[in-house]
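Hydrogens, waters and symmetry mates play no part in the numbers below; they use all other heavy atoms, side chains included. One-based numbering, in listed order, for ligands and for the atoms of each. Numbers here simply count residues along the sequence, with the first being 1. None of these values were measured; they are calculated from a predicted model.
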Amino acid sequence: MLKIAVLVSGGGTNLQAIIDAIESGKITNTEIAVVISNNKNAYALERAKKHGIEALCISPKDYENRADFNEDFLNRLNSYNVDLVVLAGFLVVLPEKMIKTYQNRIINIHPSLIPSFCGTGFYGLKVHEGALARGVKITGATVHFVDEGTDTGPIILQKAVEVQEGDTTEVLQRRVMEQAEWVILPQAIDLIANGRVSVVDGHVLITE
Ligand code: GAR
């Protein structure tokens with residue numbers, strides 16, 4: 001059984017997709033041990049509680065400095081002994097120690113086809129703003145392992161989504177979520193839970 005922690009900051013629709021996929025059997029061999037938010041008002045925390053999942057807020061606002069927050073966050077995460085950490089709209093820069101501790105055991109969902117519209121400053125609606133400003137016809141989403149860089153880790157799954165004429169950032173965001181994010185994030189967790197994902201020379205290999 002793969003024990004996962006899901007880290008969130010906002011609405012938690014990707015968390016919901018994971019919960020639904022576990023409940024419907026689309027994700028197998030997996031249990032959510034804890035949901036952690038840096039923001040106490042995140043609706044994601046309510047979603048977790050509604051499904052009887054432990055949900056907590058660890059906010060940098062409650063600490064004197066960033067180093068204390070980082071240390072306590074990591075200690076509390078470690079106490080759940082999870083196999084995989086899933087960043088589902090978690091908008092906090094991860095401390096290096098956490099990335100080292102969980103090497104190839106942290107995954108992130110990003111709302112573009114990496115390496116387009118990713119890196120520092122590209123998160124949430126800003127990603128779609130960038131795509132619309134450039135006039136791309138195809139965008140999508142990417143699930144990748146997290147390394148020391150921003151959105152630079154090995155890519156696990158990607159799915160393309162069409163941009164349509166007249167799209168606003170909100171309309172495009174919703175389409176990318178529905179057609180790509182909520183599909184490939186649960187799929188990636190299921191692949192990992194069933195031992196089908198390995199990283200070889202910095203690239204992901206998916207076996208049958
Ligand atoms: C999602 O679109 C996710 O891809 C994005 O934040 C949103 C969270 O929505 N993440 C990033 O931009 C990370 N760079 P949710 O809280 O409804 O799942």
At what distance is the nearest protein heavy atom to [atom], and which residue and atom is it?
| atom | answer |
| --- | --- |
| atom 8 (C) of ligand 1 | G89 CA, 3.6 Å |
| atom 14 (N) of ligand 1 | H110 ND1, 3.2 Å |
| atom 11 (C) of ligand 1 | P111 CD, 3.6 Å |

Charged N-O contact under 4.0 Å between E170 and R174
no

Residues E46 and K50 bridged, charged N to O under 4.0 Å
no

Is it true that [Y] and [X] share a donor-acceptor pair across their side chains at a distance under 3.5 Å?
| X | Y | result |
| --- | --- | --- |
| E23 | H51 | yes |
| D147 | T152 | yes |
| N38 | S9 | yes |

Under a 4.0 angstrom heavy-atom cut-off, which atoms of ligand 1 come close to [X]?
| X | value |
| --- | --- |
| G124 | 11 (C), 12 (O) |
| I109 | 4 (O), 10 (N), 13 (C) |
| G11 | 16 (O) |
| M177 | 1 (C), 2 (O), 9 (O), 17 (O) |

Is there a nitrogen or oxygen of [X] sitting under 3.5 Å from a nitrogen or oxygen of ligand 1?
| X | value |
| --- | --- |
| L15 | no |
| N14 | yes |
| T13 | yes |
| Q173 | no |

Determine, considering heavy atoms only, which of E181, H128, R47 sits nearest to atom 2 (O) of ligand 1.
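Answer by nearest heavy atom: E181.
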
Shortest reach to atom 16 (O) of ligand 1 by a heavy atom, considering only A141, S9, G12:
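Nearest heavy atom to atom 16 (O) of ligand 1 lies in G12.
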
Heavy-atom gap F122 to ligand 1 smaller than 4.0 Å:
yes

With I22, the side chain to side chain contact (heavy atoms under 4.5 Å, CB included) member among I32, D190, I53, N29
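For I22, the side chain to side chain contact (heavy atoms under 4.5 Å, CB included) test succeeds with only one of I32, D190, I53, N29, which is I32.
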
Check: A17 main-chain N/O paired with D20 side-chain donor or acceptor under 3.5 Å
no

Is it true that a side-chain atom of S112 and a backbone atom of F117 form a donor plus acceptor pair closer than 3.5 Å?
yes

Hey, is OH on Y123 packed in by over 12 heavy atoms from elsewhere, all under 6.0 Å?
no

